[in-house]
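Encoded as C-alpha cells, the structure appears first; notes follow it.
Per chain, numbering begins at 1; letters A, B, ... match sequence-line order.
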Amino acid sequence: MQDRRAFVMGAMAMAALGLAPGVAGAAPLAKVKALGVLRVAIYKDNRPWSWREGGEMVGIDADLGTALAKALGVHVDLAELMPGDDVEADLRNGVWKGGLLGFQPADVMLHVPFDRDFAAKNDQVAIVAPYYRESFQFACVKSQLDCNAPPLQYRGRKLAVETDSIPDFYLMGAGGGVLARDVAHFQTGYDAVTALATGKADGALASRAQIETVLAQHQEAAIAKRTLPLPGLSSPGWDIGMAVKENSRNLGDAIEEHLNAMAASGQLKAIFARYGVTWTPALAA
Amino acid sequence: MKGRFQRSMAGMAAITLALALGGTSAPLQAQTDAGPTEAQLMNDAKSTGDVLTYGMGPRAQRFSPLTQINAGNVAKLVPAFAASLGDEKQRGQEAQPLVYDGTIYVTGSYSRLFAFDARTGEEKWKYAARLPDGIMPCCDVVNRGAAIYGDKIIFATLDARLVALNRNTGKVIWNKQIADYQAGYSATAAPLIVHGMVITGNSGGEFGIVGAVEARDVNTGELIWHRPVVEGNMGTLHGKDNGITGTLNATWEGDLWKTGGGATWLGGTYDPDTNLLYFGTGNPAPWNSHLRKGDNLYTASTLAIDPDTGVIKWHYQSTPHDGWDFDGVNEFIPFDATINGKPMKLGAKADRNGYFFVLDRTNGKFISANKFVMKTTWAEGYTKDGKPIVIDAGRPGAPQGTEKGTTVFSSPSFLGGKNWMPMAYSQSTGLFYVPSNDWGMDIWNEPISYKKGAAYLGAGFTIKPIAEDHIGALRAIDPKTGKIVWEYKNKAPLWGGVLTTAGNLVFTGTPEGYLKAFDAKTGKELWKFQTGSGVVGSPITWEQDGEQYVAVMSGWGGAVPLWGGEVAKSFKDINQGGSLWVFKMPKG
C-alpha cells in the first residue's frame with residue numbers, strides 16, 4: 001500500500017515538473033552506494049527521537065538511520081538539524097537546498113510528517129516510508145487528578161506543556177483561557193513530561209512517544225494516561241515518514257523496502273522499545 | 001620568550017620603515033596612534049574627518065555638516081574606487097562603514113570584517129569568523145556594522161559572539177560568546193560603545209528567548225550588566241541581582257513572561273544630554289496573540305536605560321498586545337525641536353507598525369504618532385495619551401480546529417512600514433528621512449502545519465503590494481507636524497539606510513542597484529549611480545585630504561528576497577554582489 005501511494009504521489013510530482021518517468025534516473029541510490037555513506041538528517045533536541053548524549057547522537061531516529069544505512073551496506077553520517085520555524089524550512093535546509101552557512105543537504109531526513117496535503121505543498125522533496133503513528137496524549141498524577149475529567153476541571157493544577165506547541169495552544173486557549181495561569185511551559189515535550197514524572201506538575205499534554213519514554217525511565221511515578229479523547233483538540237494524530245530529494249526516488253524506494261523488512265522482522269519494534277516507546281505503525285503504512 | 005623576540009623584531013621593522021619613509025607615512029601613524037577615545041566617539045556627529053560610530057554619532061542622526069558636495073553640484077559626483085569583498089560569499093551587504101585614520105572598516109555578509117585603505121581602496125586585512133555550519137539564520141547572513149574604540153574594532157557574529165580585533169592588524173584581542181547559537185540566538189547589529197562598555201541587544205528566531213540589553217567591558221568583553229526587557233525577568237549588575245524588569249505578571253499571564261520574546265536585535269542609540277540608552281524591543285511570543293492576554297510589556301516598545309546600571313528609566317509601547325508581528329526594534333533618534341513654542345529634548349522612531357512617533361526623550365512622554373505609510377489596517381491612529389485605536393477586525397484570529405481560518409488583510413505586512421534600515425535626521429531642514437514600504441499581507445490560520453516534525457497550528461501569509469507603481473517610498477517627515485513633506489517612490493522595496501548632509505542632500509540606495517541623491521527640501525532626484533547589485537547598506541560621508549567622500553556597500557540580500565509572491569516580481573532579476581563603493585567630486 002505504501003509503495004503504491006508513494007508511486008502515485010511521485011508520478012504526480014514528476015508530471016508537475018514536466019518530467020517523464022525514468023528521467024530522474026538511478027543516480028541517487030548508486031551515488032550513496034559508491035560513496036559508501038548515507039547522510040541522514042535528524043532533529044536536534046528531539047528526545048526520544050534524536051538528541052545528543054556524551055557527544056553522540058542517540059534516539060529512535062538515530063538508531064533507525066543507522067540501521068537503514070547498514071541495510072544499504074554503507075556507513076551512516078548522522079546530521080544534526082537545527083529546527084526552523086516550520087518543517088518546510090527544515091526540508092529546505094535539510095534535504096533539497098542545504099543551509100546558508102554550508103550545512104550539506106542530507107540524502108534522507110527522518111521525522112517528516114507523512115501527510116498528502118503537506119506533501120503536495122512541498123514538491124521539492126518526496127515524502128516516503130511512513131514509520132510511526134504519533135498523537136498527543138494527556139497524562140496525570142493518579143493521586144492528584146482524574147485523568148479523564150473535562151480539562152476545565154484542572155483549574156489551579158500545574159499542567160506542563162512544550163512552549164509553542166499544539167498542547168500549549170490547547171490548554172492556554174481552553175474555555176477562553178481559564179487555565180492560562182496553570183500552564184507551565186518547557187523547552188521540549190520531554191522536559192514537560194519529566195516535570196510530571198518528578199512531581200513538579202500534576203498533568204502533562206505531550207506526544208505519546210514523549211510520555212512513554214519518560215514513564216519508562218520513571219516507573220516509580222504513579223502516572224495515569226487519559227483514555228478519553230480531549231474535547232476540541234485539533235490534531236487527531238499524524239504519520240511520520242522520511243523525505244528524500246524529489247529526484248532521489250530510487251533511494252526512497254530502497255529505504256522503504258528495507259524499512260518494510262525491518263518492520264516484518266521485529267527490528268523496528270525493538271528500536272522503539274530501546275527507548276520505552278511502543279512502535280505503532282503509521283496509518284498510511 | 002618567543003613573544004618578546006617577535007615584539008622587538010616588529011619594533012625594529014617599524015623603525016626601519018619609518019626611516020625609509022621619512023617617518024610620516026599614514027600606516028605608521030596608525031600603528032602608534034592610540035585610537036579613538038570615548039570623547040571622540042561622542043563628538044562623531046560634528047567631526048567631519050572620520051566616521052566613528054554606527055549612525056554617524058551616538059544619536060544616530062546620520063547627518064553630516066559637510067557641504068562641499070551639495071544639491072548644486074552632486075550631479076557631477078563620480079566613483080573614486082570600488083573594493084570587492086571577494087570569496088564566493090555574497091548575499092546581503094547591510095553594513096555601514098566606519099572611517100578612521102586613513103582606513104575604511106566595514107563588515108560583510110557571513111560575519112566578515114574588512115579594512116580598506118581609504119585613499120586607494122586596497123585591502124589592508126580581513127577577518128572571517130569561522131561559523132558553525134549548523135546555524136540556520138532566519139533572515140540572511142547579514143551584518144550591520146562595527147564599533148571602533150582605541151586599538152580595537154568590535155563586531156558581532158552570526159553565531160552570537162562579540163569579536164574585538166586589533167584595528168591595525170585584524171588579529172583577535174578578545175572573542176566572547178554572548179548567547180548560545182544552539183538555542184537559536186544570533187547577532188547582526190552594530191555594537192554601541194558608551195562609558196567604556198560595549199552595549200548590545202540580542203536576537204534569535206527560535207521560540208523561547210527573552211530579549212535583553214547587555215553591557216560588557218570594552219577591554220575584556222566581560223559582562224557588566226544584563227537587562228531583560230520582558231517584565232518578571234531578573235536583571236544583573238556585576239554578577240549580582242539588580243531588580244526584576246517591570247512588575248511580575250502585571251501584563252502577562254502565568255509563566256509566559258519566561259519565554260516572552262522581545263528580542264532587541266537592532267541595537268540602540270545613546271544620548272549624552274540625558275545619559276540614556278534607547279533600545280527598541282521585538283514582538284512578543286508566541287505569535288498567537290489570543291493566548292497571551294495583556295499588553296505584554298516591554299515588547300514592541302522603546303526603552304530608556306541607564307548605561308551605568310542597566311536600569312530601565314522609562315518605556316513607551318508602540319504596539320500593545322501585538323498580534324501582527326510588529327517588532328518595535330526600530331532606532332529611536334534623539335533630536336531637539338521647539339514644539340508649541342517650547343524648546344524640547346525629543347526623540348523619534350518610525351515603527352514597523354506604520355506610525356512615526358515623537359516622544360519626550362527625558363521621560364518617554366508621548367508627543368505624537370502619525371501614519372507614514374499608505375495604509376494601516378490594524379489601527380485608526382493614536383489617542384492623545386499614546387494608545388493605539390485598534391481596529392478589532394484587523395487582528396488575525398485565534399487558530400482553532402482543522403479548517404483554514406478566515407483570511408485577514410493586514411497592512412503594513414509583517415516586514416513593516418519600515419524594517420531595519422535606519423532613517424536620518426537633518427539638522428539643516430529639521431526633517432526626518434524615512435525609508436519605508438507600502439505593502440500588506442493576507443494572513444490566515446494554517447491547520448496543515450508542522451513544526452519540528454510535529455503537528456502545529458501556524459499562520460499562512462502572502463505579502464502583496466498595495467500600490468500599482470511602487471512598494472518602496474523614501475519619505476521626508478516634519479516631526480513637529482507629522483506631515484509628509486515629500487516622497488520618492490521606488491518600484492522595489494527600500495531596504496537600505498539613509499544619509500543626509502548640510503549640503504541639502506539625502507542619499508539612499510535601492511535594490512535596483514542605485515545609490516541616489518535627492519534634494520533634502522524638495523525630494524527632487526539629483527544624481528544616481530548603478531553599483532552593479534542591490535544597495536541595502538547605509539551610506540556615509542567624510543572629509544579626507546580636503547575632499548568630501550561618500551561611501552556605501554552594494555550587495556543585494558537581507559530578508560526581502562526570502563519572501564516570494566507578487567512582491568518578488570520587483571526584485572527577482574537582481575544579481576548578488578559584495579562591494580564597497582566610494583565617491584567624490586572630480587578634480588578641476
Is it the case that the side chains of [Y] and [X] hold a donor-acceptor pair, with the cut-off being a distance below 3.5 Å and no angle test?
X        : Y        : value
A:Tyr132 : A:Asp61  : no
B:Ser289 : B:Arg395 : yes
A:Asp168 : A:Ser165 : no

_Greater than 12 external heavy atoms within 6.0 Å of A:Glu56's CD_ = no

_Please determine whether the number of non-hydrogen atoms from other residues, nucleotides or ligands lying under 6.0 Å from atom NZ of B:Lys258 exceeds 12._
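No, not enclosed.
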
Which atoms of [X] approach chain B - backbone, side chain, both or neither, heavy atom under 4.5 Å:
X        : answer
A:Lys44  : both
A:Asp45  : both
A:Leu179 : neither
A:Phe169 : both
A:Val183 : backbone
A:Tyr170 : neither
A:Asp90  : side chain

Under 4.5 Å heavy-atom distance to chain A, tell me which part of [X] shows up: side chain, backbone, both or neither.
X        : value
B:Arg91  : side chain
B:Asp140 : both
B:Lys89  : neither
B:Leu131 : side chain

Do [Y] and [X] meet the salt-bridge criterion of a basic N to acidic O distance under 4.0 Å?
X        : Y        : result
B:Asp87  : B:Arg112 : yes
B:Lys451 : A:Glu88  : no
B:Arg352 : B:Asp327 : yes

*Quick one: of B:Gln182, B:Lys452, B:Glu253, who has the most non-hydrogen atom pairs under 4.5 Å with chain A?*
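Option with the greatest count: B:Lys452.
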
*Identify which of A:Asp86, A:Asp182, A:Leu100, A:Ile240 forms the greatest number of heavy-atom pairs closer than 4.5 Å to chain B.*
A:Leu100

